[in-house]
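Below, chain A is the first sequence line, B the second, and so on; all start at residue 1.
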Amino acid sequence: MTKQLLEVNNLRISFHTYAGEVQAVRGVSFKVSEGECMAIVGESGSGKTVTSKAVLGLIEPPSGEVKATSSITFAGQEILNFSDRQWRNYRGKDAAMIFQDPMTSLNPTMKIGRQIMENILLHNKISRQEARQRTVELLQMVNIPNPEERLTQYPYEFSGGMRQRVVIAIALACKPRLMIADEPTTALDVTIQAQILQLLRNIQQQEHTAVIMITHDLGVVAGMADFISVMYAGRIVEQGSVIEIFNHPQHPYTSALLKAVPSLSQPNKAPLQIIPGTPPDMIAPPQGCGFASRCQYCMKICQQRDPAYTRLSDTHQAACWLHEAQARTAFGYQDVSEVFNHA
Amino acid sequence: MTEQSTSQTIAVPELSADQFVRVGVDEQLSEQLQRPSISYWQDGLRRLKKNRVAMLSLGLLAFIILMCIFAPLLYPHPFDEQNIDMTNQGPTWQHIFGLDDLGRDIFARIWIGGRVSLAIGVVGALVSLLVGVLYGGISGYFGGLVDDIMMRIVEILVGIPYMVVVIIVSVFLGKGMTSLLLALCMTSWTGLARLVRGQVLQLKESEYVMAAKVLGTSSYKIITRHLIPNTMSLIIINTTFSIPGFIFAEAFLSFLGMGIQPPLTSWGAMASLGQQQMAYYPHELIFPALALSVTMLAFNLLGDGLRDAFDPKLRQ
Amino acid sequence: MPENKSKLVQVEHLKKYFTIRKKGQLMAVDDVSFDIYRGETFGLVGESGCGKTTCGRTIIGLYPATSGHLYYDGKDITHLSGAQAHWFKKRAQMIFQDPYASLNPRMTVGDIIAEGMENFGLYPGARPRQQRIQELLGLVGLNKEHANRFPHEFSGGQRQRIGIARALAVDPEFIICDEPISALDVSIQAQVVNLLIRLQQELGLTYLFIAHDLSMVKHISDRVAVMYMGHLVELAASDALYSQPLHPYTQALLSAIPIPDPRIERQKNVLPLEGEVGSPINCQPGCRFASRCPRAMARCHQETPELKDLGARHLVACHLY
């Protein structure tokens, strides 16, 4: 049994803008255990990045507001009440983040050796010599050739993939227990993406680090994630193990997302199954289910009330009215996947 | 996995069967935009209005401008009327700001001088705006050799101190407002020209300009519809900041005796006179200096506000 | 592609070099030849920096070609000016990659779409033009009220559809799609691809589809060409290219696509492709992939392989064949 590391409960985050309050995250709950990889999948504006930022305490008032009902515990400690000093200590040492764009997440005027060492020295009481040694080890770990030489180079001397490796090395500098990767491969080419994913997978296994991986592309997490949370319009609509999500999706959004990517065996130019429309603007969250306006199985009830979670297994749950007994009788099916496969 | 999990089915009693009717997707509805429509300028104005310091500066500037226009018409003492028997008198109810060493009313002179100072600031800024935008725009848009030659000329102009230009121009045209303006305008547009050129060089590579080229849009239309509107905010901000520069340059030159010639006056010329009497009659220096500093401060603060509201780099 | 189809675009030995100060020549597109037939979708894939975008921009005339020839419908379009440029621009259009940078933020959607119509004097008069704008918005699945809105009010997918409507406004026959979906969410990508396919069928369009996402390119294209550091390394019908990739680079590229199935993905062996794409600056003769190629031979470093037909119109540039 693995030990639970992070628990997010009923997280609600709003941003205050000129047009009103944008409810970016509306009651998100999940848990991550040590050494586990949890993927948060959703499209832009679904609240996935905001959720991960909240875990690192990066929601800045006055425009951003984490609602009082929310709770995030890390290793049994409530982190939303942290003081500034506690946050600084926690970031980098306990939890680290890998950003999407390796071009902007490194300081262009600092040698990369210093950028990594600085982080080590900030959180550990060790000599510069030891920190340097550790830096070389880290660069080896992320497969950067000639690390001794590379230490004295500037970010512009690195290619995109190499920079992302440096960003990962910085995140790993203090052996964090939790690593958040926000679309780590979106800005990279496919062959480089494969290399970086492989690297993240190896590190996770070697270091036993918990990883929260944020992406809009389900394909990317198939090889890496243990559990997946699918987010839509500020809520988690389905949550389950990677096999459950990929092989038995129980929410129309998850199912549609899986079908939106053409497989190489599919006939060319046949229309892809699409999710019509555009995600709702969270300035006026829909009254019922957030996905209702784009869901081809939408019923009247979906526009009126938000569905609760239906528990499907110990690890699997989905929030959809199709799981309601009355819907089953009305349309005559046993399992919701029957409905998805019919269309 | 979470507390919200319930059992296999959701037990909510008051659901009726007719709520489980499929309605499907309404494409029109799912493409609807929720937020009110707001243009770039409206959005910028909204930010500006929320900026108290900038609005206060704007109010102050409006007050100063109105006073410059109307005060000399309504105030009983003309600016060139002399009271020989009351020279250097301090502020009284009759002469609010007192009199100067020739017995002229300082309050009246402040607003007449303000006319000159503000006119030089605004006209100078407008001329340098026109020349700078045109010059920088052409240089940036055509690029290559044209750009190289035009920018070398700018560099040479930047190298000439404007004092030298002022002296040369006043040798030919005589001292006064025209030669002052001419000399200031000849050298001051270079900063804006460089700024606009940089912006245009950058925007020229943007995808929407490429799209316009592919659509067969003429160079003239690309400049007027795509490039200028997208540099406009920076131009306005820069111009607002340049007005106090002109006012100060005029004050400086008048202070040295190379600018406005009596009987006409400006804040700089008044400060120059006041400075001679500073030890005994400080009011003769304080009032014009105050008018000058308050105006410059207001323009700078307004410029800051405009930048916060309109600069694309500072917007989220 | 059947033989009887006519060639719409012919690219012959196209070269586009950029001069870099002190460093020499960046050979972004180096001796590339291919034809695009009327009514087909020609896919051009490769990693960033391979020259695919430069290739597209040179064809449409945004960059002047360094050497080589371009023909459109039999006419030489390599260096156009004046009336001929106008003629070509009415026929060939482009859809851009970044839905945020490709729309002028100070113009309303209606004005953006109307720009091309104005340039060519199409649908004269305010009424017919308004009607056409609304028609185009409807065609790409947007509401007609959207004409008065500004680009920043739309989501990425909606903006990309505005970009498509802008290109369609001049009734073109040939559209270069420069990575039109790479900046979009997966759920939105399918919408745009479906729209492009539907428009092609309804309006008889010809596409040059430039992308780095191989699965989408396969889906939309009839034929696909693979580029690497300015060279064309393989060209074949899309089914053939994906079922039997011949060039080692194409093989590596295909094996790197993540498969959305955890069981396969966890067992999959990614063909080891070390290193990254370099910049083609002052290249010497030789295969440009040789330094990363697992099957490179001595010859690959000395001699540039020619693109040759291995039968069934499957072309590959590799010394292995």
For chain C, which candidate among [options] shows the most heavy-atom pairs at distances under 4.5 Å?
| options | answer |
| --- | --- |
| A:I245, A:L258, A:N247 | A:N247 |
| A:M224, A:R201, A:Q195 | A:Q195 |
| A:I243, A:V220, A:L218, A:L257 | A:I243 |
| A:A260, A:G45, A:S44, A:A225 | A:S44 |

* A:E21 atom CD, neighbour heavy-atom count above 12 within 6.0 Å -> yes
* From CG (C:L44) to SG (C:C177), nearest 0.5 Å -> 12.0 Å
* When rounded to the nearest 0.5 angstrom, what is the spacing between NE2 in C:H212 and CD1 in C:I210? -> 13.0 Å
Part of [X] lying under 4.5 Å from any heavy atom of chain A:
| X | answer |
| --- | --- |
| C:T41 | both |
| C:L196 | neither |
| C:S155 | side chain |
| C:I197 | side chain |

* Have a look at A:Y232 and tell me which of A:R294, A:E43, A:H251, A:E238 forms a side chain to side chain donor-acceptor pair (under 3.5 Å) with it. => A:R294
* **Options C:L254, C:D185, C:L184, ranked by heavy-atom pairs under 4.5 Å with chain A, top entry** => C:D185
* Which one, C:S48, C:S182, C:P262, leads in non-hydrogen pairs under 4.5 Å with chain A? -> C:P262
* Asked: Taking the six-membered ring where the residue is Trp, are the ring centres of C:H247 and C:Y228 under 6.0 Å apart?
  -> no
* C:F42-C:Y37 aromatic ring centre distance below 6.0 Å -> no
* Check salt bridge (Lys or Arg N to Asp or Glu O under 4.0 Å) between C:E202 and all other residues, then give those that pass, not counting sequence neighbours. => C:R198
